[in-house]
Amino acid sequence: KAGVTQTPRYLIKTRGQQVTLSCSPISGHRSVSWYQQTPGQGLQFLFEYFSETQRNKGNFPGRFSGRQFSNSRSEMNVSTLELGDSALYLCASSLGNRGTGELFFGEGSRLTVL
Amino acid sequence: GIQVEQSPPDLILQEGANSTLRCNFSDSVNNLQWFHQNPWGQLINLFYIPSGTKQNGRLSATTVATERYSLLYISSSQTTDSGVYFCAGGNSGNTPLVFGKGTRLSVIA
C-alpha cells in the first residue's frame with residue numbers, strides 16, 4: 001500500500017512569507033505527527049493530530065499551526081517565515097488508536113527561507 | 001519529559017565489520033523505534049521494539065525496558081548502511097516520540 005506522501009518536496013520562500021505543507025497518511029492511519037529537523041536542534045516534535053483534533057503540541061511559536069481533515073490528510077502552516085525556519089519538515093502517520101504507536105515517515109518537505 | 005541519549009555520536013567502520021549502537025532513556029518507555037535516515041532525508045523504519053529482541057537480516061535490536069536502554073546491532077556492515085541512525089521513545093499512550101540526536105555511521109569500502 002502507498003506510504004506517507006508529503007508535498008511539496010522542496011520549496012524556497014523569503015522572510016515574511018507563509019508556507020503550507022501537506023501530508024497524506026497511510027490508508028487507515030488516523031494519526032499524523034509533524035517534526036522539524038535542523039542540523040543544530042535535531043528532530044523536534046511540532047504537533048500531532050488524531051481524528052481532526054490536535055492531541056499533542058510541541059514547544060514552537062504560534063506561527064506554526066496545523067490541521068487535519070476528515071480523510072486524515074494534514075496540513076501545517078508557518079506564517080511570517082524567519083531564516084531559522086529553514087529545515088526539513090517530516091510528517092509521520094500511525095494508526096493512533098492507542099496512542100502515538102509505530103510511526104511511518106514521509107520523504108519530507110525541505111524548506112529554505114532566504 | 002523524556003531525554004534520549006545515543007552513543008556513539010559518530011562511527012566509522014570498515015566494510016564487513018560489526019557495530020553496536022546504544023540508546024539510553026531517562027525514564028521508562030513503552031514505545032520505542034529505531035530509524036535509518038537515508039541520504040535524501042527520509043526516516044526508514046528499522047524496528048518497533050518496546051521490549052525484547054528482533055532481527056531483520058543483518059540488523060537486530062534489543063530493548064531492556066527495565067534498565068531503560070536499547071541496542072541496535074549491525075553485522076557485516078556494507079557501504080549502504082551508511083547514514084544516521086535514530087532511536088525514539090515515548091512513555092505513555094498519548095505522548096509524542098522523543099528522538100535522540102542520532103549516530104552517524106560511515107562504512108568505508
Side-chain angles (χ1 to χ4, degrees), chain A residues 3-6 8-11 21 23 26 29-51 53-60 66 86-112, chain B residues 1-10 21 23-52 54 56 61 63 65 70 72 83-104:
Chain A
V4 179
T5 303
Q6 290 188 244
R9 293 288 316 284
Y10 303 90
L11 65 167
L21 308 178
C23 174
I26 292 170
H29 285 193
R30 293 165 62 193
S31 168
V32 173
S33 300
W34 289 90
Y35 285 82
Q36 180 197 64
Q37 186 178 25
T38 59
Q41 298 298 319
L43 277 148
Q44 292 190 290
F45 173 75
L46 282 157
F47 22 67
E48 181 202 3
Y49 288 88
F50 176 74
S51 291
T53 300
Q54 188 178 84
R55 187 157 67 176
N56 284 298
K57 187 178 189 305
N59 188 24
F60 278 81
S86 294
L88 179 65
Y89 290 87
L90 291 160
C91 163
S93 78
S94 69
L95 286 171
N97 52 335
R98 292 168 64 182
T100 303
E102 185 176 7
L103 295 183
F104 296 86
F105 280 86
E107 293 178 294
S109 293
R110 192 170 294 277
L111 170 65
T112 301
Chain B
I2 288 178
Q3 308 293 318
V4 181
E5 281 191 24
Q6 290 190 243
S7 60
D10 295 280
L21 282 57
C23 188
N24 289 334
F25 296 89
S26 61
D27 202 348
S28 60
V29 296
N30 57 18
N31 183 352
L32 194 158
Q33 289 186 249
W34 283 95
F35 299 90
H36 176 219
Q37 189 164 39
N38 67 22
W40 298 272
Q42 186 174 9
L43 287 166
I44 308 297
N45 289 47
L46 295 177
F47 295 101
Y48 173 71
I49 186 167
S51 63
K54 290 186 178 179
N56 184 2
T63 296
S70 183
L72 177 69
V84 184
Y85 290 81
F86 290 97
C87 67
N91 65 358
S92 66
N94 287 329
T95 59
L97 286 188
V98 176
F99 280 76
K101 293 189 181 300
T103 292
R104 183 173 298 277

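Per chain, numbering begins at 1; letters A, B, ... match sequence-line order. Values in this document were obtained by computation on a predicted structure and should not be read as measured data.
Listed here is the closest heavy atom pair of A/G101 and B/Y48: C-CE1, 4.4 Å. When all heavy atoms of A/L103 and B/F35 are compared, the pair lying nearest together is O-CE2, 3.9 Å. Nearest heavy-atom pair, A/Q37 versus B/F86, reported as atom, atom and distance to 0.1 Å: NE2-CZ, 3.6 Å. Shown here for A/Y35 and B/L97, the closest heavy-atom pair between the two residues is OH-O, 2.8 Å. Residues A/E102 and B/N45 share a closest heavy-atom pair of OE2-ND2, 3.6 Å.
Contact of A/L43 with chain B is made through backbone and side chain together, with heavy-atom distances under 4.5 Å. Both the backbone and the side chain of A/F104 have a heavy atom closer than 4.5 Å to some heavy atom of chain B.
Counting non-hydrogen atoms of neighbouring residues, nucleotides and ligands closer than 6.0 angstrom, the CG atom of A/N59 reaches no more than 12 such neighbours. Within 6.0 Å of atom CD in A/Q54, more than 12 heavy atoms from other residues, nucleotides or ligands are found, so the atom counts as buried in its surroundings.
With sequence neighbours excluded, no residue forms a salt bridge (charged side-chain N to carboxylate O under 4.0 Å, His left out) with B/R104. For B/F25, the ring-ring contact (aromatic ring centres under 6.0 Å, His included) criterion is met by no residue, not counting sequence neighbours.
Under the 4.5 Å side-chain criterion, counting only non-hydrogen atoms from C-beta, B/Q37 is in contact with A/L88.
Between the CD atom in A/E107 and the CD1 atom in B/I44 there is a gap of 8.0 Å [rounded to 0.5 Å].
If you tally non-hydrogen atom pairs under 4.5 Å between each of B/G100, B/G102, B/G41 and chain A, the highest count goes to B/G41.
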